Amino acid sequence: MSRLTPGNILRVVLAFVFWIFAAFYVLVIGMGAKNKKVMLEGGLYAALFIAAVSLSGASGVFAGFAVMGLSAVRSYMLRDLWLPRRVRKSQRGSTVQEHAPTPPSAQPYPAATSLPGSSDDLSTALTWVSSQAKQNKHRLPADTYVTILETCQMLDSVIDAERRHPSADARFEYELDAVVREYLPAVLQGFLAIPPSMVENRQPNGRTPNEELVEQTRLLLGQAETLHSTRHSHTSADLTTTGNFLRERFGHHQSGGFDFGIK
């Protein structure tokens, strides 16, 4: 991989042409990469340069050039943010396959099954996800750890309801199985496979791996909430249906209410 691209050459040329603004390079790099830490560092260099220029005499000039030099050195050290490497086409596909989790292939919904073992397998998958999140809590963004545990807790409630009273809904069981076995483990495993030093690096889509993880775990939490609501609404509907049957079959409407045949 090389940095020798037309875009990078143009950036370097502009950096030399506008060398007088070298003190602001780090600030511009941080703004372009949307990296808050780099922006704060660049803002510090810019403030020091402005303060140095306001000084009179040789001391101000010397301080100004010192800040410019320091900013230029830091700009070179941060070259990965503004001088990206060129990835060859032959390597691009392998890079994507190496770091991106393979989405599950489309397949027809399986027939509804209500075997206790399937629910146990789902519970095992959730246990693995929660244990991985707890073991790597220090590597996860602040809110993501809590989001993953909330998702696992909500899905576990759905699995427990399915174990006690199967819904016999093939589509619902397929979606529950996909979230628990594929999507949730793939997102967490894919993030943990990224070196900690790279989780704040901007990707071609403008997002960092940390931001991607936060968004994807929130989407999965939303899906877990949908599954939870759907499952328990079915339970409430089933109870109402049973009650209607019992009222129609055994209830005798009287002035005092229903009499269920008890003398």
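What you see is a predicted model; the values in this text were computed from it and never measured.
Take Phe49 and apply the ring pair (Phe, Tyr, Trp, His ring centres under 6.0 Å) test, not counting sequence neighbours, and it matches Phe24. Looking at residues two or more places apart in sequence or on another chain, you find no side chain to side chain donor-acceptor pair (under 3.5 Å) involving Gln132. The side chain to side chain donor-acceptor pair (under 3.5 Å) search around Glu200 returns Asn210, not counting sequence neighbours. Here Val73 pairs with Met77 under the side chain to side chain contact (heavy atoms under 4.5 Å, CB included) rule; sequence neighbours left out. In this structure, the side chain to side chain donor-acceptor pair (under 3.5 Å) partners of Glu211, at least two apart in sequence or on a different chain, are Arg202. Applying the ring pair (Phe, Tyr, Trp, His ring centres under 6.0 Å) rule to Tyr145 yields no partners; only residues at least two apart in sequence or on another chain are considered. Here Gln216 pairs with Glu212 under the side chain to side chain donor-acceptor pair (under 3.5 Å) rule; sequence neighbours left out.
With contacts defined as side-chain heavy-atom distances shorter than 4.5 Å, the pair Asp121/Arg181 qualifies. Side-chain contact between Trp128 and Thr124: absent, with no pair of heavy atoms (C-beta onward) separated by less than 4.5 Å. Side-chain contact check for Thr217 versus Thr151: every heavy-atom pair is 4.5 Å or farther apart. Looking at Val17 and Val13, their side chains come closer than 4.5 Å, going by heavy atoms from C-beta outward. Two residues are said to be in side-chain contact when any heavy atoms from C-beta on lie closer than 4.5 Å; Trp19 and Phe16 fail this criterion. The shortest side-chain heavy-atom distance between Pro141 and Val199 does not fall under the 4.5 Å cut-off. Taking the side chain as every heavy atom from C-beta outward, Gln223 and Tyr183 never approach each other to under 4.5 Å. Residues Gln203 and Pro209 form a side-chain contact, since some pair of their non-hydrogen atoms from C-beta on lies under 4.5 Å apart.
Of the residues Val187, Leu213, Leu188, the one that meets the side chain to side chain contact (heavy atoms under 4.5 Å, CB included) test with Thr144 is Leu213.
Screening residues 58-74 for salt bridge (charged side-chain N to carboxylate O under 4.0 Å, His left out), with sequence neighbours left out, gives Glu41-Arg74. Residues in residues 217-228 take part in no salt bridge (charged side-chain N to carboxylate O under 4.0 Å, His left out) pair, two or more places apart or across chains. Residues in residues 136-153 take part in no salt bridge (charged side-chain N to carboxylate O under 4.0 Å, His left out) pair, two or more places apart or across chains. Evaluation of the side-chain hydrogen bond (donor to acceptor under 3.5 Å, both in side chains) test over residues 23-32, restricted to residues two or more places apart or in two chains, returns none.
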What donor-acceptor contacts under 3.5 angstrom involve side-chain atoms of residues 58-69, with partners at least two apart or in another chain?
none

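In this structure a side-chain-to-backbone donor-acceptor pair under 3.5 Å is present from Ser130 to Thr127.
Under a hydrophobic clustering in which Ile, Leu, Val, Met, Phe, Trp and Tyr are joined whenever their side-chain heavy atoms come within less than 4.5 Å, directly or via other members, Val129 and Leu155 fall into the same cluster.
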